[in-house]
Each structure stands twice: as C-alpha cells, then as structure tokens.
K.L.:
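To start, I am sharing the structure in question, which I have written as structure tokens.
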Amino acid sequence: MQLGVFEISNVVLCLTGVLFAAFVYEVYFYCRYMVIRRKTETLSGQKPPVTVIVCARNEGYNLRSYVQSLLTQDYPEYEVIIVNDGSEDNTQAVIDDYVLTDSRVRTTFVPRGARMCSTKKLGLTLAAKAAKYDYLLLTDADCRPESKHWISAMMAGFEKPGTEVVIGFGAYFREPTMLNSVIQYETLFNGLHYLDAAATGKPYMGVGRNLAYKKQMFFEKGGFSDQMTSIAGDDDLFVNKVATRDNTMAVNTKESITWSVPKRTWKDWWQQKRRHLSVSPAYKPSSKHHLVHEPVMRAVFYGLIIALFVLGEPLSMCVAFLLLLIRLLMQVSVINVGARRLGQPSVGLELIWYDIFLPLITLAAMLGKKKNKW
C-alpha cells in the first residue's frame, strides 16, 4: 500500500493497526482503573468501637517502635490486640509491657512450633474471636499510621450502608536506594489499581497493612478455613473471596495511609514477592482475567514497537514513536495525580524502565518453583 511518498507493506500496516488497538486499551486501562476517585467522606460522624489487630512474629523492636502510634489515635473507643505468633525474641516481653501500661491493649498467642502452614491466619482468627467489638482493623507490627486520625479515616469507609470491607493504602518508608525506588513505584502502581478497582465496583485485593472488615462477616464467610494450606493470602486472597461491588469501600485520604518498613535487600524483596504471588492462582476467575489483560496488552504494545522499528519503514516508525510518547506522558500524568493524592513520590521518564522491568520480574517469580518461606 502507498500513502503519499511512503510505501507501507500490508504486514506493517496490520502490525500498526494492532499497535493502535493496544494503545487504545492502555489509555482505557489507565483512565478507568488507575485514577483515584473522590475522597471518602464521613457521612454521619458516627464512630463505632473497633478492634485493631496486630500479628507479630519476632517483632520486638518494631512493636516497641510503632505500637505507640496506635495508642495515640484520636478515636473515642478502641482496643488493640497483639498476637504473638510463636516469637523467639523479646516480642512477648514488649507486649507484656504494653498490656501493663495501657488497659486498651490485650494479647493472645500462637504456640511456638505450631504445625500449621500459616500460623498468622490462626493468630488473626484467634484475635477475631477474642475481639470485643464488631469491627476489625488490621495492620502489621512494622506499620505506623500517617496520623492520629487513621482509625477515623478507615472507619469512615463503613459509613455507606451495607459496607463490610474497607480497603486502605499501605505505603513503605522511603530510602535512598535503587531497590526502594522499585518498591515505591510497584506499591504505588498496585495501590492505585486495587483502590480504583474497588471504587469502580471490581474489588480484587487489599493489603493486611491497612484493611478492615466486620467481625460477623469474617466468621459468616468461614474466615481463613479454605486457605490454611497456603502461607500467604490472609489479606488479598481473603478480600478476593469476600469483597463485592456492594459490600466494599476503598478509602484514599492521606490520613488513612499506613507506612511500613520496606525490604532492604533484593533477596528479601524477591522472597516477599514470591510469597505474595503464590496465592494468585486461587483468585476468582473474574479477578484473574481482570489482572492479566493489562500486562498482556502492555507486552503486545512494546513488542510491536520493537517490531516496527526493526522493520524500519519510516512512517510506521514515526507512528510507533508517537504512540509510545503519548502513552508515556499519559502514564506519568495519571500516576502522578494519584501519587500526589496519596502523598507518594512522583515518577518521571524512568517509568518506562519500571514498566518493562517489573512485569518480567513478576513473571519470573510466578514461574519459579522454590518453596516460599515465612
């Protein structure tokens, strides 16, 4: 085919058409599933009592560093249950100190050496049974809330009638390393996705660093009874099972964020990633379809960009470069809007490196056979 002074083969024309289709999908994905919706607002001002649950295994240092931020929350009535998950350090001594000095702190434990694949799920179940209140708010031992209004911000998600699950954003502390930059971007990308998916009626996961649900719903749905053979999944797999369009809210105010200690070595990050991905095959089919579409279309997009440049026809190369540039600027714009609203680091042109690198790492982690560790 000839267009003006350019001659374009049918193969190149076909590849350019597919590239444009992939580009349109990518624009749709970012505008549909990566845009932070309106902030959650308190409707009535009611603040029901809540139980905050922290599961800790060998977390003596972190408990001493971060639990105080849970005890200084500006909320009228709440308790904190700390689960000692078979710790071998001074975790129990630290817990005992909190129990003695603050009547709101209670504790339970999983025996050391318990023969279960996921003692954390057992610990969370024990804490849920022991909870005095009807709402459960989960975080980790190495987490610090953004502000003293964290509980209020998360509980505002229950203001909508029928809400049983509230999903919040869990950020990581920033450090001046390449690994931390990767963690920051991946956490932001995933956070924008699962928050917006929930806001648009397609909830598929949440993070245990910042998650709330009703106690009654937890037991009515069988808790973790159907996933005790997997070490992970106490957050994302459980949410994937119970969350629906009508019973789930995403909270995206800055006050609702928690901050966690990030992994500091590539090996530890890799093991964490492997553990998180190990439960993805158990997601509902609709969630798996939703999650696989964008990475596949992204691979198609980049693959066709490379193919068109290799074929070397000037007009198709110009079109490919233009679509690549427009997509990159669109990505940076959309992601940075979400980053500002969540108080996260902005991204620039380095995004294209993350865009290619992280899916390959994820694929390698999913295909690996090494047994996950706690």
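Residue indices begin at 1 and follow the sequence shown.
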K.L.:
Between E294 and Y33, do the side chains contain a donor N or O and an acceptor N or O under 3.5 Å apart?
P.N.:
no
K.L.:
Answer whether the closest heavy-atom distance between the side chains of Y98 and Q68 falls below 4.5 Å.
P.N.:
yes
K.L.:
I want to check something: taking the side chain as every heavy atom from C-beta on, are Y172 and R209 in contact at a cut-off of under 4.5 Å?
P.N.:
yes
K.L.:
Taking side chain as C-beta onward, heavy atoms only, is F189 less than 4.5 Å from Y354?
P.N.:
no
K.L.:
Output the distance between atom CD1 (I82) and atom CZ (R106), rounded to the nearest 0.5 Å.
P.N.:
12.0 Å
K.L.:
Please check this pair: side chain of S333 against backbone of L329, looking for a donor-acceptor N/O pair closer than 3.5 Å.
P.N.:
no
K.L.:
For a 4.5 angstrom cut-off between non-hydrogen side-chain atoms, does F321 reach F309?
P.N.:
yes
K.L.:
Run the salt-bridge test on D140 and K120 with the 4.0 Å N-O cut-off and return the result as yes or no.
P.N.:
yes
K.L.:
Do S280 and K288 have side chains that get closer than 4.5 Å, going by heavy atoms?
P.N.:
no
K.L.:
Return the orientation label for the Y213 and F218 ring planes: parallel under 30°, perpendicular over 60°, tilted otherwise.
P.N.:
parallel
K.L.:
Hey, does L308 have a side-chain heavy atom less than 4.5 Å from the side chain of L15?
P.N.:
yes
K.L.:
At their closest point, which heavy atom of G222 faces which heavy atom of K241, and how far apart are they?
P.N.:
C-NZ, 4.3 Å
K.L.:
Hey, does the side chain of N210 reach the backbone of F169 with a donor-acceptor pair shorter than 3.5 angstrom?
P.N.:
yes
K.L.:
Under the criterion side-chain contact (heavy atoms from CB on, under 4.5 Å), which of N180, N190, L351 is the partner of Y185?
P.N.:
L351
K.L.:
So Y78 and Y75, would you call those rings parallel, tilted or perpendicular, with 30° and 60° as cut-offs?
P.N.:
perpendicular
